[in-house]
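Following: one structure in structure tokens, then a few remarks.
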Amino acid sequence: MASSKEYLDFVLEQLSDLDGITHRAMMGEYIIYYCDKVIGGIYDDRFLVKNTKTASLIIPDAPHELPYEGAKEMLLADIDNRELINMLIPAIADDLPDKK
């Protein structure tokens with residue numbers, strides 16, 4: 001099942017307080033970037049973020065889910081909690097290496 005454009009628009013609205021959010025369509029889903037780092041994506045109308053050390057501390061009870069078969073587990077983020085999401089995304093990016 002592909003993700004809907006409406007769900008993408010909702011996620012982008014929830015993330016609109018953050019400068020540096022971009023996205024790219026990929027095979028019916030959407031990859032989400034923050035400051036040119038992949039922090040997660042939208043898969044089957046679910047907002048999943050990378051399972052970094054800091055993400056696990058900020059959202060310790062988040063369900064672990066597979067974006068697609070064969071992928072690494074990611075965390076299902078509560079996109080409805082705008083304040084939490086806007087704190088989580090920069091923290092995930094800080095855990096990721098800079099682009100080479």
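Separation of atoms CD1 (Ile39) and CG (Leu15) is listed at 7.0 Å; rounding is to 0.5 Å. Here CG of Asp36 is found 6.5 Å from OG1 of Thr22. Values are rounded to the nearest 0.5 Å. Distance check: Leu48 CG to Glu65 CD gives 6.0 Å after rounding to the nearest 0.5 Å. Remark: Ile42 CD1 to Phe10 CZ distance equals 10.0 Å, nearest 0.5 Å. In this structure, Ile85 CD1 and Gln14 CD are separated by 8.0 Å, a value rounded to the nearest 0.5 Å. Rounding to the nearest 0.5 angstrom, the gap separating the CD1 atom in Ile21 from the OH atom in Tyr33 is 12.0 Å.
The shortest distance between side-chain heavy atoms of Tyr30 and Tyr7 does not fall below 4.5 Å. In this structure, the side chains of Lys50 and Asp95 stay at 4.5 Å or more apart for every pair of heavy atoms. Side chains of Ser56 and Asn51 form a contact here, defined as non-hydrogen atoms less than 4.5 Å apart. Pro63 has its side chain out of reach of Leu75: every pair of non-hydrogen atoms, C-beta onward, lies at least 4.5 Å apart. Counting heavy atoms from C-beta on, the side chains of Leu96 and Thr52 come closer than 4.5 Å.
When the side chains of ILVMFWY residues are joined at heavy-atom separations under 4.5 Å, either directly or via intervening members, Phe47 and Ile58 end up in a single hydrophobic cluster. A single hydrophobic cluster is not seen to contain both Ile92 and Leu76; linkage of ILVMFWY side chains at heavy-atom distances under 4.5 Å, directly or through other members, places them apart. No continuous path of ILVMFWY side-chain contacts below 4.5 Å connects Leu18 to Ile31, so the two sit in separate hydrophobic clusters. Both Leu88 and Ile32 are members of a single hydrophobic cluster when ILVMFWY side chains are connected at heavy-atom separations under 4.5 Å. Placement of Leu84 and Met74 in two distinct hydrophobic clusters is found when ILVMFWY residues are connected by side-chain heavy-atom separations under 4.5 Å, directly or transitively.
For Asp9, the CG atom sits in a packed shell: over 12 heavy atoms of surrounding residues, nucleotides or ligands are nearer than 6.0 Å.
Panel note: side chain Glu29, backbone Asp44; a donor-acceptor pair is recorded below 3.5 Å. Proximity of a side-chain donor or acceptor of Glu73 to a complementary backbone N or O of Leu66 within less than 3.5 Å is not detected. No donor-acceptor pair under 3.5 Å is formed between the side chain of Arg46 and the backbone N or O of Ala77.
Heavy atoms only, all atoms of each residue included: Ser16 and Arg82 are closest at OG-NH2, 2.7 Å. Nearest approach of Val49 to Ile89, heavy atoms of both residues: CG1-CD1, 4.2 Å. Closest approach of Pro90 and Tyr34 over heavy atoms only: CA-CE2, 3.7 Å.
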